[in-house]
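Numbers here are sequence positions counted from 1. Everything numeric in this text was worked out from a predicted model, so none of it was measured. Values reported hereafter were calculated over all heavy atoms of this structure, with side chains retained and with hydrogens, waters and symmetry mates removed.
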Amino acid sequence: MTQRREEHAFIPESDLEGMSVDTLAVRAGQLRTAQLEHSDPIFPTSSFVYGSAAQAAARFGGDEPGNIYSRFTNPTVQAFEARIAAMEGGERAVATASGMAAILSTCMALLQGGDHVVCSRGVFGTTNVLLQKYLAKFGVEITFVSLTDLDEWQGALQDNTRMLFLETPSNPLCEVADLSALSTLAKSVDALLVVDNCFCTPVLQRPLAFGADVVIHSATKYLDGQGRCIGGVVVGSNALMEEVYGFLRSAGPTLSPFNAWVFLKGLETLPIRMRAHCENALELATWLEQQEDVEQVFYAGLKQHPQYELAARQQSGFGGVLSFRVRGGREAAWAFIDATRMISITANLGDVKTTITHPATTTHGRLSPEDKAKAGITENLIRVSVGIESIEDLKKDLSRGLDALKG
């Protein structure tokens, strides 16, 4: 017998079980109100009303589920959390005010003084600063290793190692980590494997399926996709996310309902956008390789990339970010960047608009010269986050940069 759906406020999770990430990006997590609206609603409220003093007490005491205060319970934010958790294949997600707030919340919730973290050198520059300058103040020990050298990861493990942290592909050199191998190492010392999946998104890579314990996103990037809002999210098991949620409830690095709503809209087009980003990036990387004033191109989709085969197994696409070194130093890199006219000079990435930046003086500018050298952040390195414009127009604009080098 066919069941009538007029009164359904949401699509049950069981009805979405086994569906592709493309479908989950559009359908998962939506909770309709009594108005049965088709688009996701926004709940721009700081607080919620209770039917009685007893109900308020039950909500605050955790005896009854429901909204309490938008610092830690808001229906729009919860819809975004449910959708990204479904896409990543995780049990639960906790949304935060920014990508860095997601990393901070994870570390504060799951680490304590005396713990040891092994981190890849190729992480975002501010992540490096957060770990070295701030977490170290609270007695957390940090060791940095090569993302791709498993022997270095193995050698860095200690009795007090509680977390392995990495980005894959790395920013900005597009190195790729072997997630399954690192999961095995983490489990050998009872540590958590935490993966920043910002570059790939769950459309191209699902780290939890390869043994990761926690996945982190800067939702500011591809999840939004149009450079409109700041936000972050952490995904993992119910037990781990309860700890992260507890930190968020007390410390308040909260995602706003409006930003959550924007991210929900962004997720609906994420699969289509990621395919377009990947297609443009691969063609642009191949074209840049052919230019005589380009010394080296870093993009995992190039067959000569040292982790090409690993990326092909682990990811369903190679992403939209690439970097390259031009002949010369900082002056040459800046001349190249300044000669472009259409591409946006900005440090943000994951936008439908192509962006270009000089990592050594922007995203990784706060690193010491020694740390930059270890991470491969040279003065002649340029990063491009490839958008979805016409590939021929992108080549034309970057050709202005090549002409500036010849000049």
Side-chain angles (χ1 to χ4, degrees), residues 88 96 98-107 117-132 135 142-150 152-153 156 163-183 185-186 192-208 210-223 232-236 274 277 281 298-300 305-307 310-311 314-315 317-323 347-350 357 359 362-364 366-367 371-372 374-377 381 383 385:
E88 282 286 6
T96 61
S98 68
M100 290 309 305
I103 296 173
L104 173 65
S105 299
T106 300
C107 292
V117 176
V118 184
C119 180
S120 62
R121 292 192 189 97
V123 292
F124 177 46
T126 306
T127 303
N128 187 304
V129 174
L130 175 68
L131 295 174
Q132 285 199 90
L135 284 185
I142 314 295
T143 300
F144 289 94
V145 297
S146 165
L147 177 68
T148 60
D149 190 333
L150 290 174
E152 278 198 35
W153 286 94
M163 181 181 292
L164 276 61
F165 187 98
L166 61 115
E167 298 174 16
T168 183
S170 67
N171 180 13
L173 296 182
C174 301
E175 295 178 313
V176 178
D178 188 331
L179 291 177
S180 295
L182 289 176
S183 173
L185 286 181
L192 299 173
L193 179 60
V194 179
V195 179
D196 187 323
N197 197 28
C198 181
F199 270 34
C200 278
T201 81
V203 173
L204 304 182
Q205 177 176 261
R206 302 176 84 186
L208 297 177
F210 292 91
D213 298 288
V214 176
V215 174
I216 290 176
H217 287 278
S218 171
T220 312
K221 311 302 191 296
Y222 287 109
L223 301 192
V233 66
V234 189
V235 186
M274 291 309 297
H277 285 299
F298 302 92
Y299 184 66
H305 188 283
Q307 291 95 45
L310 173 62
Q314 199 164 266
Q315 303 166 199
F318 299 104
V321 178
L322 59 86
S323 61
N348 195 33
L349 61 90
T357 194
T362 59
T363 57
H364 294 69
R366 289 197 288 168
L367 299 186
D371 286 339
K372 286 180 188 177
K374 290 177 181 177
I377 310 299
L381 182 70
R383 189 192 73 190
S385 174

To the nearest 0.5 Å, tell me how far L179 CG sits from R206 CZ. 13.5 Å

If we only count heavy atoms from C-beta on, is the P169 to Q307 side-chain gap below 4.5 Å? no

Would a 4.5 Å heavy-atom cut-off, applied to side chains only, mark Q205 and T168 as touching? yes

Is any side-chain heavy atom of K221 closer than 4.5 Å to a side-chain heavy atom of N348? yes

Taking the side chain as C-beta and beyond, is there a heavy-atom pair between F124 and I103 under 4.5 Å? no

Can you measure from NE2 (H217) to CD (E88) and round to the nearest 0.5 angstrom? 3.5 Å

Rounded distance (nearest 0.5 Å) linking atom SG of C200 with atom CE of M274: 6.5 Å

For the aromatic rings, using the six-membered ring if either is Trp, is the centroid distance between H277 and Y222 under 6.0 Å? yes

Would you check if the side chain of T143 reaches a backbone N or O of A156 as a donor-acceptor pair within less than 3.5 Å? no

Are S170 and F199 side-chain neighbours, meaning at least one heavy-atom pair lies under 4.5 Å? no

Would you compute the distance between atom CZ of F210 and atom CG of L193 and round it to the nearest 0.5 angstrom? 12.0 Å

Is any side-chain heavy atom of L182 less than 4.5 Å from a side-chain heavy atom of L150? yes

Heavy atoms of V195 and P207 approach each other most closely as CG1-CG, 3.8 Å

Nearest 0.5 Å please: distance from the CD atom of Q132 over to the CG atom of L130. 10.5 Å

Answer whether the closest heavy-atom distance between the side chains of T106 and I216 falls below 4.5 Å. yes

Side-chain (Y299) to main-chain (G319) donor-acceptor, under 3.5 angstrom: yes

H305 (side chain) donor-acceptor with A311 (main chain) under 3.5 angstrom: no

Short question: side chain of W153, backbone of S146 - any donor-acceptor pair under 3.5 Å? yes

Could you check if a side-chain atom of P172 sits within less than 4.5 angstrom of a side-chain atom of L381, using non-hydrogen atoms only? yes

Please assess C107 against L131 for the test side chain to side chain contact (heavy atoms under 4.5 Å, CB included), listing each intermediate value before the final yes or no. CA-CA 9 Å; C107 292; L131 295 174; 4.3 Å; yes

Under the criterion side chain to side chain contact (heavy atoms under 4.5 Å, CB included), I'd like the reasoning laid out for D196 against V123: C-alpha separation, chi angles, the key distance, then a yes or no. CA-CA 9 Å; D196 187 323; V123 292; over 6 Å; no

Begin with the C-alpha distance, continue with both residues' side-chain angles, and end with the deciding distance and a verdict on side chain to side chain contact (heavy atoms under 4.5 Å, CB included) for M163 and V214. CA-CA 10 Å; M163 181 181 292; V214 176; over 6 Å; no

Is a donor on one side and an acceptor on the other found under 3.5 Å between the side chain of S183 and the backbone of G211? yes

side-chain hydrogen bond (donor to acceptor under 3.5 Å, both in side chains), that's the test. Do N171 and R383 meet it? Break it down for me. CA-CA 9 Å; N171 180 13; R383 189 192 73 190; 3.1 Å; yes

With no hydrogens and no angle check, is any side-chain donor or acceptor of S120 less than 3.5 Å from a backbone partner on L166? no

Show your reasoning for whether side-chain hydrogen bond (donor to acceptor under 3.5 Å, both in side chains) applies to T357 and T362. CA-CA 7 Å; T357 194; T362 59; 3.0 Å; yes

Looking only at heavy atoms, which two atoms of A300 and V176 are closest? And how far apart? CB-CG2, 3.9 Å

Could you state the interatomic distance from CD (E175) to CG (L310), rounded to the nearest 0.5 Å? 11.5 Å

For G350 and S385, which heavy atoms make the closest approach, and how far apart are they? N-OG, 3.0 Å

